[in-house]
Amino acid sequence: MKNLFSIYKKDMLRPILYKTVSRLAGAACACLLWQRFLSDGRFTIWEAPCLAVGAALLGWAWVGYLRLDGIRVPFVDKDKELSAQRGARKRHATHSMADFADEKIVSFDELSPREKALCSMLASLIVGVPMTAIGIAASIL
C-alpha cells in the first residue's frame, strides 16, 4: 500500500466535500427512516440508528481502502484497471464565473480510479467516524 498522502492532490478537496455532503444527507435520511419504521421505542435516534449507519459507512470506507490495494468487489466494480489517466476537461456550453477562475476545477468523474477510491474512503470516514462515536456515546450515557 502506497502512502495515502502521495495519492492526494489539492484539487481533490471539492469531490471529497461533495461526496461527504451527499453521504451525510443519505445517512441522516437512513437514520430518520430507521426511527420512523424500524424503531420500537427502546432506542433514540442517536443510539441504534446512528451506530448502525456509522458502522456501515466505516465498512464502506474499509472497502475503499481495499480498493486502493487493488482488491475488487465482484459484481460491483466494473473498472478493473487502476492506471486510467484523467480525462480532458469538458467544455461547457454556458460560461459561468467558475470557468474563468484561475483555480483548476476537477469533478469526480475526471479523477483516476485510484483517486476516486481515496475520495470515497475519506468521505465515508469523515461521516462514519463521528456517527459511530455519537452512537457509542449515546448508548453509554
Side-chain angles (χ1 to χ4, degrees), residues 1-94 96-141:
M1 178 70 209
K2 290 186 177 180
N3 189 3
L4 294 179
F5 294 113
S6 66
I7 301 170
Y8 179 78
K9 295 182 178 79
K10 189 172 116 177
D11 56 348
M12 290 170 52
L13 184 63
R14 186 180 313 259
I16 291 171
L17 181 65
Y18 288 165
K19 281 210 154 295
T20 301
V21 169
S22 66
R23 295 231 168 112
L24 184 63
C29 287
C31 286
L32 290 172
L33 288 172
W34 180 310
Q35 183 69 22
R36 175 74 172 116
F37 295 110
L38 297 177
S39 178
D40 59 354
R42 289 177 49 195
F43 299 109
T44 66
I45 194 169
W46 300 109
E47 294 173 349
C50 198
L51 181 63
V53 172
L57 284 169
L58 289 179
W60 196 349
W62 179 251
V63 170
Y65 179 75
L66 292 177
R67 283 182 181 161
L68 288 174
D69 275 342
I71 296 174
R72 299 283 132 214
V73 179
F75 306 110
V76 175
D77 294 328
K78 296 178 181 126
D79 187 21
K80 298 189 187 306
E81 187 176 329
L82 288 177
S83 63
Q85 298 296 324
R86 286 188 184 176
R89 185 174 173 198
K90 297 176 185 174
R91 294 286 179 190
H92 301 287
T94 61
S96 66
M97 191 182 297
D99 290 337
F100 300 104
D102 292 336
E103 177 183 349
K104 181 181 177 186
I105 297 175
V106 177
S107 68
F108 185 74
D109 296 331
E110 294 175 357
L111 298 175
S112 71
R114 191 171 202 84
E115 292 170 339
K116 286 180 182 179
L118 180 68
C119 287
S120 178
M121 183 190 76
L122 290 175
S124 296
L125 280 175
I126 290 170
V127 178
V129 168
M131 286 190 72
T132 306
I134 290 170
I136 291 172
S139 298
I140 291 173
L141 299 177

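Given the structure is predicted, the values throughout are model-derived calculations rather than measurements.
Contact record, G64 with A117: O-CB, 4.1 Å, taken as the closest heavy-atom pair. Residues R114 and L68 come closest through the heavy atom pair NH2-O, 3.2 Å. Counting all heavy atoms, side chain and backbone alike, A48 lies closest to W34 at CB-CZ2, 4.3 Å. The two residues L111 and K116 have their closest heavy-atom pair at O-CE, 3.4 Å. The two residues A123 and R23 make their nearest non-hydrogen contact at CB-NH1, 3.8 Å. Taking each heavy atom of V53 and C31 in turn, the nearest pair found is CG2-SG, 4.0 Å.
With respect to V129, the side-chain contact (heavy atoms from CB on, under 4.5 Å) criterion is satisfied by exactly one of L58, L57, I134: L58. Only one option out of Y18, F108, Y8 pairs with C119 in a side-chain contact (heavy atoms from CB on, under 4.5 Å); it is F108.
Here S39 contributes atom OG and L33 contributes atom CG; the two are 12.5 Å apart, rounded to the nearest 0.5 Å. Atom CD1 in I126 sits 9.5 Å away from atom CE in M121 (nearest 0.5 Å). Taking CG from L118 and CD1 from I7, the interatomic distance works out to 5.5 Å, rounded to the nearest 0.5 Å. To the nearest 0.5 Å, atom CD1 of residue I136 and atom CG of residue L141 are 11.5 Å apart. Here the OG1-CG distance, from T132 to L125, works out to 10.0 Å after rounding to the nearest 0.5 Å. Taking CD of E115 as the reference point, atom NZ of K9 lies at 4.0 Å (rounded to 0.5 Å).
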key: Worked verdict on S124 versus W62 for side-chain contact (heavy atoms from CB on, under 4.5 Å)   = CA-CA 9 Å; S124 296; W62 179 251; over 6 Å; no

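Distance alone, capped at 3.5 Å, places no donor-acceptor pair between the D69 side chain and the I71 backbone.
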